[in-house]
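Everything on this sheet refers to the single structure shown next.
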Amino acid sequence: MANNLIEELVEAGVHFGHQSRKWNPRMKRFLLQKRSGVHIINVEETVNRLDEAGEFLSKLAVAGKQILFVGCKRQAQEAVRAAADACGQFYVNHRWLGGTLTNMATIRKSINRLAYLEAIEKSPEYKSMSKKELASLGRECAKLARNLQGIRGLEGMPDALVVVDAAREDIAVNEARRLKIPIVAIVDSNADPELIDYPIPGNDDAIRSIRILLQNLIDPIIAATDGGKNIRRGGRN
């Protein structure tokens, strides 16, 4: 089983790190060698870390805990949303707003504002608004929806973060660390794995790599929760 997964990971390019000049020395234990100026990630370590992280996340889900998937780079956006939806959890895939975790009162106000804008046609003042005002509110609504749609149903703090590209999503990682929220993250050769509770060494730039790593993280969640039926639906409340 492990051998089959290793083959799948290699086919998806999970083993390709960044150029060796951009590496973080703390990733050394997860790297095999340099090839043509690129670090090669040890996918056996990737498999081991996927198993550990998957078990951790599945236990959280069975206990009814909340998991927040984070990945705002273009290559990760759709994969992050699909992974969160598949296991009934939450996501941020467009832009991490500073204070999403550390200033949730402000985020909650923005979510309430989004709900108001979506129902603006039912408000008493709607008929008195000009086309220009309505167009402006429409743009505001679309912007808020992009940023907040995936966390609308989040009740309080998440119990864990799953992050694609720990180096790029450093603000999310720092907020979670400040609040002592466990972090599962894909760490490429340029990342610092010591900032992450469950680091998963792997290519965080290729779409196929991101998809297969996320799939192997959510499969244990779905299996442990009867196909996701026993957990709350996130993101689209």
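Every heavy atom of this structure was used, including side-chain atoms; hydrogens, water molecules and symmetry mates were not. Fair warning: this is a prediction, and the values are worked out from it, not measured in the lab.
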For residues H39 and H18, determine if any side-chain heavy atom of one lies less than 4.5 Å from a side-chain heavy atom of the other.
no

Closest contact, heavy atoms only, L117 versus L137:
CD2-CD2, 3.7 Å

Within the 4.5 Å heavy-atom criterion, are P158 and F90 side-chain neighbours or not?
no

Quick one: pull up CG in L179 and CZ in R177 and give me the separation to the nearest 0.5 Å.
11.5 Å

Between L31 and K28, does the side-chain contact (heavy atoms from CB on, under 4.5 Å) criterion hold? Intermediate values first, please.
CA-CA 5 Å; L31 304 176; K28 184 176 181 180; 5.5 Å; no

Output for pair (N24 CG, D192 CG), nearest 0.5 Å, gives 5.0 Å

Heavy atoms of Q89 and I67 approach each other most closely as OE1-N, 2.8 Å

Nearest 0.5 Å, what's the CG-OG1 distance between L213 and T46?
7.0 Å

Is L154 reachable from L101 through a run of I, L, V, M, F, W or Y residues, each pair having side-chain heavy atoms under 4.5 Å apart?
yes

Given Y91 and D85, is the side-chain contact (heavy atoms from CB on, under 4.5 Å) satisfied, shown in steps?
CA-CA 8 Å; Y91 65 91; D85 279 352; 3.9 Å; yes

Donor-acceptor under 3.5 Å (Q77 side chain, C72 main chain):
yes

Check: I181 and D159 side chains under 4.5 Å, non-hydrogen atoms
no

Are E140 and L144 close enough, and set up right, to give a side-chain contact (heavy atoms from CB on, under 4.5 Å), and what steps lead you there?
CA-CA 6 Å; E140 181 187 356; L144 287 172; 4.1 Å; yes

If you compare all heavy atoms of A79 against all heavy atoms of R211, which two are closest, and at what distance to 0.1 Å?
CB-CG, 3.9 Å

Are the side chains of T106 and L97 in touch, meaning some heavy atoms are under 4.5 Å apart?
no

Provide the closest heavy-atom pair for A166 versus V187 in the form atom of the first, atom of the second, distance.
CB-CG1, 4.0 Å

Tell me if the CZ atom of R74 is crowded by more than 12 foreign heavy atoms within 6.0 Å.
no

Hey, could you give me the CG/CG distance between L9 and N216, rounded to the nearest 0.5 Å?
6.5 Å

Is there a side-chain contact between L214 and V162 (heavy atoms, below 4.5 Å)?
yes

Is D204 salt-bridged to R168, going by a charged N under 4.0 Å from an acidic O?
no

Has the side chain of S136 got a donor or acceptor atom that lies under 3.5 Å from a matching backbone atom of E133?
no

State, with a plain yes or no, whether a side-chain heavy atom of V80 is found less than 4.5 Å away from one of V70.
no

For I6 and E44, run side-chain contact (heavy atoms from CB on, under 4.5 Å): C-alpha distance rounded to whole Å, both residues' side-chain angles, the deciding distance at 0.1 Å, then the answer.
CA-CA 7 Å; I6 287 174; E44 290 185 1; 3.7 Å; yes

Verify the cluster assignment for V92 and M104: are they in a single hydrophobic cluster under the rule of side-chain heavy atoms below 4.5 Å apart?
yes

If you define the side chain from C-beta out and look only at heavy atoms, does anything of L161 sit under 4.5 Å from E175?
no

Would a hydrophobic clustering, with Ile, Leu, Val, Met, Phe, Trp and Tyr connected at side-chain separations under 4.5 Å, put F69 with Y198?
yes

Distance (rounded to the nearest 0.5 Å) between D205 CG and N190 CG:
7.5 Å

I need the minimum non-hydrogen distance between A76 and V164, along with the two atoms involved.
CB-CG1, 3.8 Å

Might you confirm whether atom CZ of R95 has over 12 heavy atoms from other residues, nucleotides or ligands at distances under 6.0 Å?
no

At what distance, to the nearest 0.5 angstrom, does OG1 of T100 lie from CE of M157?
10.0 Å

When you group the ILVMFWY residues by side-chain heavy-atom contacts below 4.5 Å and let the links chain together, are V163 and I207 in the same group?
no

Transitively linked via ILVMFWY side-chain contacts under 4.5 Å: L32 with I200?
no

Would you mind reporting whether R208 and E11 have side-chain heavy atoms less than 4.5 Å apart?
yes

Do NZ/NE/NH1/NH2 and the carboxylate oxygens of E78 and R81 come within less than 4.0 Å?
yes

Atom pairs and distances, side-chain donor-acceptor, residues 49-58, under 3.5 Å, sequence neighbours left out:
{"from": "E55", "atom 1": "OE2", "to": "K59", "atom 2": "NZ", "distance (Å)": "3.4"}
{"from": "S58", "atom 1": "OG", "to": "G54", "atom 2": "O", "distance (Å)": "3.2"}
{"from": "S58", "atom 1": "OG", "to": "E55", "atom 2": "O", "distance (Å)": "2.9"}

So, for M27 and S189, which heavy atoms are closest and what is the spacing to 0.1 Å?
CG-O, 3.8 Å

